[in-house]
J.: 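Pasting a structure below so you can have a look.
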Amino acid sequence: MPRLKHKLNLRVVIMTITLTIMTGVVGMSAIASLNELKEDYQRVKDDHFDSLLEITQLKVQTNKILAATNNMFLATNDEDLEWENVYITDKANVVAETSEKYPNNLYSYQELLSLTMTLSSQSDVISAAMMKKITLFEQVLSDYKSIEQYRKETLEQGKIQTTLALDNVLLLFNPLLDTSSLETDSSAIEAIISPLKLTISTQAFEELSTLLIGPSSIAEDYQAYSAQLAVVDALKAEHKELTQSIITVMGDSALSAQKVFLTNLTKVEEKISIRESFLYLLLLTSLVVAIILITLQTNLLRKIGLIRQVIDAGDSQEQYRIAVKGSDDMSEMAKQVKGYIQTIQEKNKAISDNNKELQHLVTHDDLTNIYNRRYFEINMAQEHIRYLRYKEPYCLAMLNIDSFKLINERFGHNLGDKVILDFTLRVDNQMRQTDVFARLSGENFILLMPRTDQSNALILMERIRSEINAMPTVVNDRKIGFTVSIGLMQVQEIEELEDACKQMTFVQQALEEAKNTGRNKVCCYRNETLS
Ligand SMILES: Nc1nc2c(ncn2[C@@H]2O[C@H](COP(=O)(O)OP(=O)(O)OP(=O)(O)O)[C@@H](O)[C@H]2O)c(=O)[nH]1
């Protein structure tokens with residue numbers, strides 16, 4: 001039993017621990033997974049918005065640089081250029097700072113950043129080229145104005161041919177007109193003024209030549225200016241190409257960010273799906289284990305209930321009807337308990353039977369099965385106490401079969417026993433239920449009659465005596481007649497009131513009187529004798 005109890009405790013403990021651990025694992029896993037997925041999702045979202053913000057900032061700055069570089073091509077003075085230059089440098093710094101603040105692995109972003117930085121450095125070249133162009137333009141314009149002045153003078157002096165030649169030169173080298181398609185070197189001027197060599201004075205021709213072809217003349221300056229225009233045009237083309245690339249990458253950058261976002265989001269979704277399957281699996285496993293454990297627990301409780309039922313049934317016959325089936329340890333325990341209880345019941349019954357038998361042996365006479373001296377004396381003592389308390393009289397009668405020795409001698413000891421037995425049965429038939437009839441020894445008997453006075457007791461004694469006298473005992477078809485002598489007394493008021501034994505001596509005396517005065521008679525104590 002202790003072994004089974006130990007197993008039972010262990011099983012309950014294991015079940016409880018298992019259920020607790022399972023619940024904990026499922027709960028913790030679910031919370032951990034949920035938190036991790038939330039963090040993943042938040043990170044992807046933050047990254048995406050950071051990317052978008054970064055790209056937007058870069059785009060804004062890049063567009064500003066683009067606008068500024070475009071403005072450079074339109075600049076007509078140093079101040080404009082300087083202003084745009086400062087603006088571009090400022091924006092380029094912002095771009096550099098932004099890229100440091102938000103390092104990003106987006107390909108398009110990196111490309112756009114690189115292009116923007118290229119654009120920024122290109123703006124320096126554009127600025128320098130435009131500066132040179134403006135300087136040269138001013139130089140050409142100055143030359144142009146000098147020629148205009150000279151033309152005005154020749155016109156006023158009436159030097160018509162020179163004036164016309166200067167008109168052609170001014171037409172050819174007008175910096176305000178687009179003359180890129182014309183010949184703009186000194187040979188073109190020479191071709192215009194050479195016819196004048198014949199018509200104007202040599203001094204005037206040399207003066208004209210110096211003005212138009214000499215060092216730092218309009219031809220030379222205009223040539224440098226034209227070359228610078230070509231440089232600016234090349235830069236414009238380069239800038240246009242860069243602008244186109246930037247516009248393309250700007251468009252791609254948003255798509256690229258979107259693509260990265262979707263890729264990362266898909267990864268998170270896949271993770272969610274895997275975690276979801278895992279959690280469902282975990283939940284299902286827990287459910288199955290919980291069902292198994294609950295089934296075991298229920299089975300256990302049912303078995304415990306059965307044991308309780310067996311115990312509750314106790315020593316009643318009910319428990320024999322309780323069926324205990326199964327071969328597990330709990331069923332074995334129930335069977336053992338049932339077995340123990342049945343054994344205890346059987347032993348209890350045997351002890352009880354033995355006790356009854358012992359009680360009977362202690363209080364009854366072997367031969368006659370009526371009470372013995374011991375039982376009588378106990379009852380006599382109690383009755384005397386009752387008498388002392390309530391003063392209700394009782395009577396004692398001592399009965400002795402007459403000349404029994406002769407009966408034994410004549411019929412044998414066995415038949416003598418039969419006579420004794422028959423005598424007790426006949427007395428028993430006559431007396432009351434409340435009377436106590438006992439065998440004191442041999443053929444000597446005593447009868448205690450509670451709540452009975454002497455006159456009534458005498459009637460009964462006389463009836464017994466006459467009935468014995470009238471009817472012989474029949475044994476094996478042999479009739480054995482015998483008589484009985486009876487001493488009778490009502491409880492006596494004596495000095496030693498509490499002495500019940502003393503009463504016995506009075507009834508003894510009455511019997512002796514009956515014997516001594518002829519037998520087959522009833523004698524009452526205090527000289528009153530009836531026959
Ligand atoms: N059969 C039988 N005889 C017993 C038993 N107990 C005692 N006796 C006999 O009963 C006889 C009693 O004899 P006594 O004491 O002389 O008395 P009695 O012969 O009856 O003579 P009175 O009493 O004077 O009439 C003895 O012979 C005992 O052996 C018994 O249990 N069975």
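Order of listing sets the numbers, starting from 1, for every ligand and every atom in it. Residues take their numbers from the sequence shown, with the count starting at 1. A quick note: this is a predicted structure, and the numbers were derived from the prediction, not measured.
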J.: Just by distance, no angles: are the side chains of Asn520 and Arg465 close enough, under 3.5 Å, to form a donor-acceptor pair?
T.: yes
J.: Do Thr368 and Asp365 have side-chain N/O donor and acceptor atoms under 3.5 Å apart?
T.: yes
J.: Let me know which protein residues bring a heavy atom to under 4.0 Å of ligand 1; chain then number is fine for ordering.
T.: Asn400, Ile401, Asp402, Ser403, Phe404, Lys405, Asn408, His413, Gly416, Asp417, Ile420, Arg439, Gly442, Glu443, Lys515, Arg519
J.: Quick one: do Thr483 and Asn469 satisfy side chain to side chain donor-acceptor pair (under 3.5 Å)? Show the steps, please.
T.: CA-CA 5 Å; Thr483 58; Asn469 185 44; 5.6 Å; no
J.: Between Arg478 and Thr473, does any side-chain donor sit less than 3.5 Å from a side-chain acceptor?
T.: no
J.: Consider only side-chain N and O atoms of Lys267 and Thr263, and report whether a donor and an acceptor are under 3.5 Å apart.
T.: no
J.: Could you work out, with side-chain hydrogen bond (donor to acceptor under 3.5 Å, both in side chains) as the rule, every residue matching Asn372, not counting sequence neighbours?
T.: none
